[in-house]
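Take a look at the structure below.
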Amino acid sequence: MKKLLVSGLLSSLLFSAASSADVLISERFAADPSAHKFGDTYYVYATNDQDNSGEYWDSTEWRLFSSKDLESWKDEGSFLHNSVFKWADKDAKAWAPGAFERNGKYYFYAPVGGNQIGVAVSDNPKGPFVDPINKPLVEKPRDKNVGAEPIDPAIFVDTDGQAYMYFGTRVPKVVPLGNDMVSLDGEITDVIVNGYPADDEKKKYGEAPFLHLHDGKYYFTFSTGWPGQIVYATGDSPLGPFEYQGVIIDYLDINTNHHSIVQDGDKNYIFYHDKIKEGGSYYRRSILMTELEYGENGTIQQIDLENRYLKYRPVR
Ligand code: FUB
(Lines give C-alpha, C1' and ligand atoms only; values in the text may rest on other atoms or scores of the structure.)
Protein backbone atom coordinates (compact mmCIF):
# COMPACT_ATOMS: atom_id res chain seq x y z
CA MET A 1 0.00 0.00 0.00
CA LYS A 2 2.78 2.38 1.04
CA LYS A 3 4.65 1.41 -2.14
CA LEU A 4 1.57 2.14 -4.26
CA LEU A 5 1.17 5.56 -2.69
CA VAL A 6 4.82 6.41 -3.31
CA SER A 7 4.67 5.32 -6.94
CA GLY A 8 1.40 7.29 -7.40
CA LEU A 9 3.10 10.39 -6.00
CA LEU A 10 6.12 9.81 -8.22
CA SER A 11 4.08 9.49 -11.41
CA SER A 12 2.06 12.61 -10.63
CA LEU A 13 5.32 14.49 -10.02
CA LEU A 14 6.66 13.17 -13.32
CA PHE A 15 3.44 14.12 -15.07
CA SER A 16 3.54 17.69 -13.80
CA ALA A 17 7.19 17.98 -14.85
CA ALA A 18 6.29 16.70 -18.30
CA SER A 19 3.45 19.16 -18.72
CA SER A 20 5.82 22.10 -18.37
CA ALA A 21 8.68 20.47 -20.25
CA ASP A 22 9.92 21.12 -23.76
CA VAL A 23 7.48 20.37 -26.54
CA LEU A 24 8.80 19.63 -30.00
CA ILE A 25 6.43 21.43 -32.35
CA SER A 26 7.10 19.31 -35.44
CA GLU A 27 8.83 16.20 -36.70
CA ARG A 28 9.96 18.32 -39.67
CA PHE A 29 13.21 20.20 -39.39
CA ALA A 30 12.53 23.91 -38.92
CA ALA A 31 14.20 26.79 -37.07
CA ASP A 32 14.12 30.45 -36.02
CA PRO A 33 10.66 30.39 -34.44
CA SER A 34 8.64 33.60 -34.52
CA ALA A 35 5.80 32.58 -32.21
CA HIS A 36 2.51 34.46 -31.69
CA LYS A 37 -0.99 34.06 -30.35
CA PHE A 38 -3.54 35.40 -32.82
CA GLY A 39 -7.10 35.01 -31.49
CA ASP A 40 -7.38 31.55 -29.94
CA THR A 41 -4.52 30.03 -31.95
CA TYR A 42 -0.75 29.97 -31.53
CA TYR A 43 1.26 30.33 -34.74
CA VAL A 44 4.96 29.74 -35.32
CA TYR A 45 6.52 31.22 -38.47
CA ALA A 46 9.81 29.49 -39.19
CA THR A 47 12.80 28.90 -41.42
CA ASN A 48 12.24 25.71 -43.43
CA ASP A 49 15.25 23.52 -42.65
CA GLN A 50 13.67 20.30 -43.90
CA ASP A 51 13.96 21.36 -47.56
CA ASN A 52 17.36 23.04 -47.52
CA SER A 53 20.46 21.40 -49.05
CA GLY A 54 21.52 20.06 -45.65
CA GLU A 55 24.77 21.99 -46.13
CA TYR A 56 23.56 25.53 -45.56
CA TRP A 57 20.46 27.50 -44.56
CA ASP A 58 19.51 27.83 -48.22
CA SER A 59 15.78 27.14 -48.26
CA THR A 60 13.83 29.75 -50.25
CA GLU A 61 10.48 29.45 -48.43
CA TRP A 62 9.07 29.78 -44.93
CA ARG A 63 7.05 27.25 -42.96
CA LEU A 64 4.09 27.73 -40.60
CA PHE A 65 2.90 25.65 -37.62
CA SER A 66 -0.20 26.17 -35.47
CA SER A 67 -1.67 24.94 -32.21
CA LYS A 68 -4.76 25.57 -30.12
CA ASP A 69 -3.28 24.32 -26.86
CA LEU A 70 0.55 24.39 -27.19
CA GLU A 71 0.51 20.61 -26.81
CA SER A 72 -0.56 19.32 -30.21
CA TRP A 73 0.77 21.04 -33.31
CA LYS A 74 -0.30 21.20 -36.93
CA ASP A 75 2.04 21.71 -39.86
CA GLU A 76 0.38 24.39 -42.03
CA GLY A 77 2.92 23.89 -44.78
CA SER A 78 5.27 26.14 -46.72
CA PHE A 79 2.97 29.13 -46.75
CA LEU A 80 5.26 31.65 -48.42
CA HIS A 81 8.03 31.54 -51.04
CA ASN A 82 10.58 34.31 -51.55
CA SER A 83 9.07 34.85 -55.05
CA VAL A 84 6.35 36.93 -53.33
CA PHE A 85 9.11 39.58 -53.25
CA LYS A 86 9.50 40.38 -56.96
CA TRP A 87 12.66 42.40 -56.32
CA ALA A 88 14.42 39.50 -54.58
CA ASP A 89 16.97 37.22 -56.17
CA LYS A 90 15.29 33.90 -56.96
CA ASP A 91 17.85 31.97 -54.89
CA ALA A 92 17.71 34.43 -51.98
CA LYS A 93 17.72 32.54 -48.70
CA ALA A 94 14.56 32.65 -46.61
CA TRP A 95 15.86 33.27 -43.09
CA ALA A 96 14.50 33.99 -39.61
CA PRO A 97 11.20 35.87 -39.97
CA GLY A 98 9.11 38.08 -37.69
CA ALA A 99 5.35 38.68 -37.69
CA PHE A 100 2.71 40.93 -36.14
CA GLU A 101 -1.06 41.38 -36.14
CA ARG A 102 -2.50 44.89 -36.21
CA ASN A 103 -6.06 46.03 -36.93
CA GLY A 104 -7.02 42.66 -38.36
CA LYS A 105 -4.06 42.48 -40.77
CA TYR A 106 -1.15 40.09 -40.44
CA TYR A 107 2.31 41.39 -41.27
CA PHE A 108 5.23 39.12 -42.08
CA TYR A 109 8.81 40.46 -41.99
CA ALA A 110 11.37 38.41 -43.80
CA PRO A 111 15.11 38.56 -44.42
CA VAL A 112 15.68 37.56 -48.04
CA GLY A 113 19.34 36.84 -48.52
CA GLY A 114 21.60 38.68 -46.10
CA ASN A 115 21.05 42.23 -47.39
CA GLN A 116 17.33 42.86 -47.51
CA ILE A 117 14.24 42.64 -45.31
CA GLY A 118 10.86 42.44 -47.04
CA VAL A 119 7.37 42.87 -45.62
CA ALA A 120 4.23 41.05 -46.72
CA VAL A 121 0.62 41.42 -45.56
CA SER A 122 -2.46 39.23 -45.42
CA ASP A 123 -5.99 39.16 -44.00
CA ASN A 124 -5.27 35.72 -42.57
CA PRO A 125 -2.34 34.48 -40.45
CA LYS A 126 -1.91 31.61 -42.92
CA GLY A 127 -1.85 33.87 -45.96
CA PRO A 128 -1.94 34.35 -48.85
CA PHE A 129 0.51 37.20 -48.27
CA VAL A 130 1.29 39.96 -50.77
CA ASP A 131 4.08 42.51 -50.91
CA PRO A 132 2.33 45.89 -50.39
CA ILE A 133 5.35 48.11 -51.13
CA ASN A 134 7.11 46.29 -53.99
CA LYS A 135 10.55 47.07 -52.59
CA PRO A 136 12.61 46.01 -49.58
CA LEU A 137 11.56 47.59 -46.28
CA VAL A 138 15.25 47.67 -45.32
CA GLU A 139 18.10 47.29 -47.76
CA LYS A 140 21.88 47.37 -47.69
CA PRO A 141 23.45 49.63 -48.91
CA ARG A 142 20.35 51.77 -49.69
CA ASP A 143 19.64 52.48 -46.00
CA LYS A 144 22.10 54.02 -43.57
CA ASN A 145 23.39 52.10 -40.55
CA VAL A 146 21.90 48.67 -41.34
CA GLY A 147 25.09 47.00 -40.09
CA ALA A 148 26.83 43.91 -41.44
CA GLU A 149 23.67 41.97 -42.27
CA PRO A 150 20.10 43.27 -41.96
CA ILE A 151 18.51 39.97 -40.91
CA ASP A 152 16.40 38.49 -38.09
CA PRO A 153 13.59 41.10 -37.85
CA ALA A 154 11.41 41.13 -34.73
CA ILE A 155 8.50 43.52 -34.13
CA PHE A 156 7.42 45.18 -30.90
CA VAL A 157 4.52 47.61 -30.48
CA ASP A 158 4.68 49.78 -27.38
CA THR A 159 1.72 50.72 -25.16
CA ASP A 160 1.45 54.08 -27.00
CA GLY A 161 1.00 52.27 -30.33
CA GLN A 162 4.50 53.01 -31.70
CA ALA A 163 5.90 50.01 -33.57
CA TYR A 164 9.59 49.14 -33.71
CA MET A 165 11.57 46.66 -35.74
CA TYR A 166 14.71 45.12 -34.22
CA PHE A 167 17.20 43.33 -36.46
CA GLY A 168 20.88 42.84 -37.25
CA THR A 169 23.99 40.81 -36.66
CA ARG A 170 26.94 41.74 -34.41
CA VAL A 171 25.44 45.17 -33.64
CA PRO A 172 21.71 45.18 -32.80
CA LYS A 173 19.61 47.71 -34.70
CA VAL A 174 16.19 49.27 -34.12
CA VAL A 175 13.98 51.41 -36.34
CA PRO A 176 10.51 52.89 -35.65
CA LEU A 177 7.83 51.74 -38.09
CA GLY A 178 4.97 53.85 -39.46
CA ASN A 179 1.39 53.15 -38.33
CA ASP A 180 0.90 51.28 -41.60
CA MET A 181 3.54 48.77 -40.39
CA VAL A 182 5.09 48.74 -43.87
CA SER A 183 7.24 51.89 -43.78
CA LEU A 184 10.17 53.15 -41.74
CA ASP A 185 9.39 56.14 -39.54
CA GLY A 186 12.82 57.31 -38.43
CA GLU A 187 16.49 56.54 -38.43
CA ILE A 188 18.01 53.12 -37.92
CA THR A 189 19.96 53.30 -34.65
CA ASP A 190 22.16 50.92 -32.67
CA VAL A 191 20.65 49.26 -29.60
CA ILE A 192 22.98 49.88 -26.67
CA VAL A 193 23.51 47.09 -24.15
CA ASN A 194 25.68 47.93 -21.14
CA GLY A 195 27.15 45.78 -18.40
CA TYR A 196 28.14 42.70 -20.36
CA PRO A 197 30.10 40.15 -18.29
CA ALA A 198 33.66 41.45 -18.04
CA ASP A 199 35.27 41.72 -21.45
CA ASP A 200 33.95 38.40 -22.67
CA GLU A 201 33.45 38.90 -26.42
CA LYS A 202 31.44 35.68 -26.57
CA LYS A 203 28.79 37.14 -24.28
CA LYS A 204 28.09 40.12 -26.51
CA TYR A 205 25.28 40.53 -29.03
CA GLY A 206 25.43 38.17 -32.00
CA GLU A 207 22.03 38.01 -33.68
CA ALA A 208 18.33 37.19 -33.22
CA PRO A 209 17.02 40.22 -31.24
CA PHE A 210 13.62 40.23 -29.55
CA LEU A 211 11.81 42.73 -27.31
CA HIS A 212 8.98 42.29 -24.83
CA LEU A 213 7.46 44.25 -21.98
CA HIS A 214 6.84 42.65 -18.57
CA ASP A 215 5.68 44.46 -15.43
CA GLY A 216 6.69 47.84 -16.83
CA LYS A 217 10.21 46.75 -17.84
CA TYR A 218 11.47 46.35 -21.41
CA TYR A 219 13.34 43.08 -21.94
CA PHE A 220 15.79 42.95 -24.84
CA THR A 221 16.71 39.31 -25.50
CA PHE A 222 19.12 37.94 -28.10
CA SER A 223 21.63 35.28 -29.08
CA THR A 224 25.26 36.00 -28.24
CA GLY A 225 26.51 34.49 -31.48
CA TRP A 226 27.88 31.30 -32.99
CA PRO A 227 27.41 29.31 -30.79
CA GLY A 228 25.20 31.55 -28.71
CA GLN A 229 23.48 31.76 -25.40
CA ILE A 230 20.05 33.38 -25.29
CA VAL A 231 20.50 36.22 -22.80
CA TYR A 232 18.49 39.17 -21.57
CA ALA A 233 19.00 42.82 -20.76
CA THR A 234 16.45 45.25 -19.33
CA GLY A 235 15.67 48.90 -19.83
CA ASP A 236 13.13 51.69 -19.32
CA SER A 237 12.42 52.34 -23.00
CA PRO A 238 12.04 50.18 -26.14
CA LEU A 239 15.00 52.12 -27.54
CA GLY A 240 17.23 51.29 -24.58
CA PRO A 241 19.83 51.62 -23.29
CA PHE A 242 19.61 48.15 -21.77
CA GLU A 243 21.54 46.63 -18.90
CA TYR A 244 22.75 43.04 -19.30
CA GLN A 245 21.09 40.71 -16.76
CA GLY A 246 21.85 37.07 -17.49
CA VAL A 247 21.34 33.86 -19.40
CA ILE A 248 17.97 32.36 -20.32
CA ILE A 249 19.17 29.45 -22.49
CA ASP A 250 22.77 28.30 -22.17
CA TYR A 251 24.90 27.09 -25.09
CA LEU A 252 23.33 24.16 -26.92
CA ASP A 253 25.24 21.67 -29.03
CA ILE A 254 24.65 23.77 -32.17
CA ASN A 255 26.22 26.82 -33.81
CA THR A 256 23.11 29.07 -33.81
CA ASN A 257 20.26 29.80 -31.50
CA HIS A 258 17.18 31.92 -32.04
CA HIS A 259 14.15 32.47 -29.84
CA SER A 260 10.88 34.32 -29.40
CA ILE A 261 8.60 34.82 -26.40
CA VAL A 262 4.80 34.58 -26.31
CA GLN A 263 2.89 36.28 -23.51
CA ASP A 264 -0.47 34.69 -22.86
CA GLY A 265 -2.33 36.03 -19.80
CA ASP A 266 -0.11 35.31 -16.82
CA LYS A 267 1.82 32.60 -18.69
CA ASN A 268 4.89 33.14 -20.83
CA TYR A 269 6.47 30.73 -23.27
CA ILE A 270 9.83 30.66 -24.99
CA PHE A 271 10.34 29.06 -28.40
CA TYR A 272 13.86 28.20 -29.62
CA HIS A 273 15.68 25.73 -31.82
CA ASP A 274 18.18 22.94 -31.26
CA LYS A 275 19.53 20.02 -33.28
CA ILE A 276 18.12 17.55 -30.85
CA LYS A 277 16.09 15.31 -33.15
CA GLU A 278 17.62 12.26 -34.80
CA GLY A 279 19.18 13.29 -38.12
CA GLY A 280 19.53 16.86 -36.88
CA SER A 281 22.52 19.07 -37.69
CA TYR A 282 23.57 22.73 -37.78
CA TYR A 283 21.34 23.08 -40.84
CA ARG A 284 18.59 20.67 -39.81
CA ARG A 285 17.20 22.19 -36.64
CA SER A 286 14.09 21.48 -34.57
CA ILE A 287 11.81 23.93 -32.79
CA LEU A 288 11.04 23.47 -29.11
CA MET A 289 8.99 25.44 -26.61
CA THR A 290 8.76 25.58 -22.86
CA GLU A 291 7.39 27.85 -20.16
CA LEU A 292 9.36 30.96 -19.30
CA GLU A 293 9.29 31.96 -15.66
CA TYR A 294 10.20 35.18 -13.91
CA GLY A 295 11.87 35.23 -10.52
CA GLU A 296 12.06 38.00 -7.99
CA ASN A 297 12.67 41.59 -9.09
CA GLY A 298 11.91 40.77 -12.70
CA THR A 299 14.73 38.29 -13.20
CA ILE A 300 14.14 35.54 -15.77
CA GLN A 301 14.81 32.00 -14.65
CA GLN A 302 17.32 30.11 -16.75
CA ILE A 303 15.83 27.16 -18.67
CA ASP A 304 16.81 23.79 -17.22
CA LEU A 305 18.38 21.98 -20.17
CA GLU A 306 19.32 18.89 -18.16
CA ASN A 307 15.79 17.76 -17.55
CA ARG A 308 14.15 18.35 -20.89
CA TYR A 309 11.35 15.95 -21.55
CA LEU A 310 10.76 15.98 -25.29
CA LYS A 311 7.49 15.06 -26.80
CA TYR A 312 5.73 15.76 -30.05
CA ARG A 313 2.00 15.47 -30.56
CA PRO A 314 0.48 16.10 -33.97
CA VAL A 315 -3.06 17.40 -34.34
CA ARG A 316 -5.12 14.47 -35.57
O1 FUB B 1 18.35 30.36 -40.24
C2 FUB B 1 19.41 31.16 -40.69
C3 FUB B 1 20.03 31.98 -39.59
O4 FUB B 1 20.49 31.14 -38.54
C5 FUB B 1 19.12 32.96 -38.88
O6 FUB B 1 18.87 34.13 -39.60
C7 FUB B 1 19.86 33.19 -37.62
O8 FUB B 1 19.11 33.80 -36.61
C9 FUB B 1 20.33 31.80 -37.28
O10 FUB B 1 19.40 31.11 -36.52
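Each ligand, and each atom within it, is numbered from 1 in the order the structure gives. If you're wondering where the values come from, they're calculated on a predicted model, not measured in any experiment.
- If you number the atoms of ligand 1 from 1 as listed, the ones under 4.0 Å from a heavy atom of Ala96 come out as 5 (C), 6 (O).
- A salt bridge (Lys or Arg N to Asp or Glu O under 4.0 Å) check over residues 117-132, counting only residues at least two apart or in different chains, returns the pairs Glu76-Lys126, Lys105-Asp123.
- In this structure, atom 4 (O) of ligand 1 lies nearest to the protein heavy atom Arg285 NH1, 3.2 Å.
- Among protein heavy atoms, atom 6 (O) of ligand 1 sits closest to Asp152 OD1, 2.6 Å.
- For Phe129, the ring pair (Phe, Tyr, Trp, His ring centres under 6.0 Å) partners two or more places apart in sequence, or in a different chain, are Phe79, Phe108.
- The shortest N/O to N/O separation between His258 and ligand 1 falls below 3.5 Å.
- Between His212 and Tyr219, the distance from one ring center to the other falls under 6.0 angstrom.
- Close to ligand 1: His273, with a non-hydrogen atom less than 4.0 angstrom away.
- Of the N and O atoms on the side chains of Tyr42 and Asp264, at least one donor lies less than 3.5 Å from an acceptor on the other residue.
- Atom OG of residue Ser72 and atom CD1 of residue Ile25 lie 12.0 Å apart, to the nearest 0.5 angstrom.
- At a heavy-atom distance under 4.0 Å, no atom of His259 approaches ligand 1.
- For atom 2 (C) of ligand 1, the nearest non-hydrogen atom from the set Thr47, Asn257, Asp32, Asn48 belongs to Asp32.
- Distance check: Phe29 CZ to Asn48 CG gives 11.5 Å after rounding to the nearest 0.5 Å.
- Contact atoms of ligand 1 toward Glu207: 7 (C), 8 (O), 9 (C) (distance under 4.0 Å to a heavy atom of the residue).
- Looking at Val191 and Tyr164, their side chains never come closer than 4.5 Å, going by heavy atoms from C-beta outward.
- Ligand 1 places these atoms under 4.0 Å from at least one heavy atom of Thr256: 4 (O), 9 (C), 10 (O).
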